[in-house]
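Shown next, in structure tokens, is the structure this report addresses.
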Number of protein chains: 2
Amino acid sequence: MEKNWTPVTAAKGVEQALKIFDGKWKLVIMFHLFGGQVLRFSELEKAIPTITQKMLIQQLRQMEVDGVVRRIVHAQAPPKVEYALTDWGQALCPALDALLKWADLRENHDR
Amino acid sequence: MEKNWTPVTAAKGVEQALKIFDGKWKLVIMFHLFGGQVLRFSELEKAIPTITQKMLIQQLRQMEVDGVVRRIVHAQAPPKVEYALTDWGQALCPALDALLKWADLRENHDR
DNA sequence: CTGCATCCACCTTGATACTG
DNA sequence: CAGTATCAAGGTGGATGCAG
């Protein structure tokens with residue numbers, strides 16, 4: 001199932017992929033959730049002390065809409081909401097590793 | 001040579017990698033240069049009709065500083081300047097492929 | 001505890017005109 | 001041809017206060 005990538009369409013494809021984990025905090029959130037971690041809203045808040053509530057909920061919502069994060073609501077008082085990565089979200093990990101390895105190459109040949 | 005990634009440091013590492021090809025036009029430029037293409041400033045301009053001169057030169061400059069693009073100046077009148085990817089820049093291609101493949105997975109299990 | 005609304009500052013991009 | 005300078009506009013994130 002090959003695709004006919006032109007420079008433009010390929011770039012757009014990557015951009016669309018990037019948009020999904022773009023935003024100042026999405027990567028941090030994902031790395032906290034990699035490996036099947038399931039965390040409450042307040043736990044994420046504690047784990048990322050410098051994030052504001054607004055940003056945390058905003059980024060989580062977008063990630064939920066995009067299908068990388070699953071939202072688990074427990075009907076309780078007080079409210080309890082947990083977040084986890086979807087299978088697709090977990091699947092991003094190798095690609096990010098590839099980026100990290102690429103970044104490491106820089107030192108070898110640098111300028 | 002293993003590293004001890006915490007969620008935060010891993011995220012920062014990826015972010016630094018991302019910054020290098022972040023910007024509205026850098027990916028388009030790179031995909032035009034993948035495979036060892038060497039293009040003049042004016043050729044890039046023609047290849048990307050919707051970009052402005054300001055943006056083209058701005059993005060190229062940043063990419064040059066970051067070490068993904070090489071600038072080749074020919075001492076001539078009229079001026080002739082060519083741009084090509086560095087080895088390190090070329091090495092990004094597989095990582096971008098990984099991202100494209102990840103994006104394709106979405107359809108299989110979707111939401 | 002979880003989440004929403006508002007206001008504000010900054011940064012990136014775009015349009016345009018100009019130069020060696 | 002290759003690049004610079006200036007100004008305006010939109011989007012993103014941060015601070016804060018309020019609500020179910």
Side-chain angles (χ1 to χ4, degrees), chain A residues 8 11-12 14-33 37-66 68-84, chain B residues 8 11-12 14-30 32-33 37-66 68-85:
Chain A
V8 178
K12 286 192 180 171
V14 175
E15 271 166 38
Q16 294 220 333
L18 291 179
K19 264 194 298 187
I20 290 172
F21 55 93
D22 208 35
K24 193 169 182 180
W25 302 99
K26 292 198 187 138
L27 281 172
V28 187
I29 295 170
M30 290 191 79
F31 276 105
H32 276 281
L33 261 29
Q37 297 295 326
V38 180
L39 294 177
R40 299 186 56 171
F41 184 88
S42 54
E43 289 174 327
L44 281 169
E45 231 182 325
K46 260 196 320 185
I48 315 173
T50 49
I51 199 174
T52 61
Q53 287 186 327
K54 171 199 170 184
M55 280 290 106
L56 182 53
I57 190 64
Q58 184 181 103
Q59 307 275 295
L60 284 170
R61 286 274 190 256
Q62 289 176 17
M63 295 168 82
E64 193 194 353
V65 170
D66 289 332
V68 291
V69 156
R70 203 159 21 110
R71 188 161 173 268
I72 307 152
V73 182
H74 302 266
Q76 295 183 2
K80 175 178 178 182
V81 182
E82 293 179 315
Y83 294 91
Chain B
V8 178
K12 286 190 180 172
V14 175
E15 271 166 37
Q16 294 220 334
L18 291 181
K19 263 195 296 188
I20 291 172
F21 55 93
D22 208 35
K24 193 170 182 179
W25 302 100
K26 290 195 188 141
L27 280 172
V28 187
I29 294 170
M30 291 191 78
H32 277 280
L33 261 30
Q37 297 295 326
V38 181
L39 294 177
R40 302 184 54 168
F41 185 86
S42 52
E43 289 173 327
L44 281 169
E45 231 181 326
K46 260 196 320 184
I48 315 172
T50 49
I51 200 175
T52 62
Q53 286 188 326
K54 174 198 171 185
M55 279 289 99
L56 181 54
I57 191 62
Q58 185 181 102
Q59 306 276 295
L60 283 170
R61 287 269 191 262
Q62 290 176 16
M63 295 167 82
E64 193 193 353
V65 170
D66 289 333
V68 290
V69 156
R70 205 163 17 112
R71 187 161 173 269
I72 307 153
V73 182
H74 302 266
Q76 296 182 1
K80 176 177 176 181
V81 182
E82 292 179 316
Y83 293 91
L85 289 182

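Just so we're on the same page: letters track the sequence lines, and every chain starts at 1.
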Of the candidate nucleotides dG3(C), dA2(D), dT6(D), which contains the atom at the shortest distance from the side chain of Val81(A)? dG3(C)

So which nucleotide from dG13(D), dG3(D), dC1(C) ends up closest to the side chain of Pro79(A)? dC1(C)

Between atom CD1 in Ile51(A) and atom P in dG14(D), what is the gap in whole Å? 8 Å

Could you state the NE2-P distance from His74(B) to dA2(D), rounded to the nearest angstrom? 10 Å

Apply side-chain contact (heavy atoms from CB on, under 4.5 Å) to residues Gln58(A) and Met55(A) and explain how you reach the verdict. CA-CA 5 Å; Gln58(A) 184 181 103; Met55(A) 280 290 106; 3.0 Å; yes

Whether the side chain of Lys54(B) and the base of dG14(C) hold a donor-acceptor pair under 3.5 Å is what I'd like checked. yes

Measure CD/Gln53(A) against P/dG13(D) and give the value in whole Å, please. 17 Å

Between the side chain of Lys19(A) and the main-chain N/O of Glu15(A), is any donor-acceptor distance below 3.5 Å? no

What nucleotide, of dG3(C), dA15(C), dG14(D), holds the atom closest to the side chain of Thr52(B)? dA15(C)

Compare the minimum distances between each of dT13(C), dG13(D), dC4(C) and the side chain of Arg61(A), then state the nucleotide with the smallest one. dC4(C)

Rounded to whole angstroms, how far apart are CD1 on Ile48(B) and P on dT13(C)? 14 Å

Measure the distance from CD on Gln58(B) to P on dT6(D) and round it to the nearest whole Å. 15 Å

Expressed in angstrom and rounded to an integer, what is the separation of Glu45(A) atom CD from dA15(D) atom P? 13 Å

Mind calculating the distance between NZ (Lys46(B)) and P (dA2(D)) to the nearest angstrom? 11 Å

Does the side chain of Ser42(A) get closer than 4.0 angstrom to OP1 or OP2 of dT2(C) through an N or O atom? yes

Starting at CD of Gln62(A) and ending at P of dG11(D), how long is that distance when rounded to a whole Å? 14 Å

Is Lys80(A) atom NZ crowded by more than 12 heavy atoms from other residues, nucleotides or ligands, each under 6.0 Å away? yes

For dG3(C), take OP1 and OP2 only and decide whether either is under 4.0 Å from a side-chain N or O of Tyr83(A). yes

Determine the minimum heavy-atom distance between Val38(B) and Glu43(B), stating which atoms define it. O-OE1, 4.1 Å

Under 4.0 Å: is that the gap between some side-chain N or O of Arg40(B) and OP1 or OP2 of dA2(D)? yes

With no hydrogens and no angle check, do the side chains of Arg70(A) and Tyr83(A) hold a donor and an acceptor under 3.5 Å apart? no

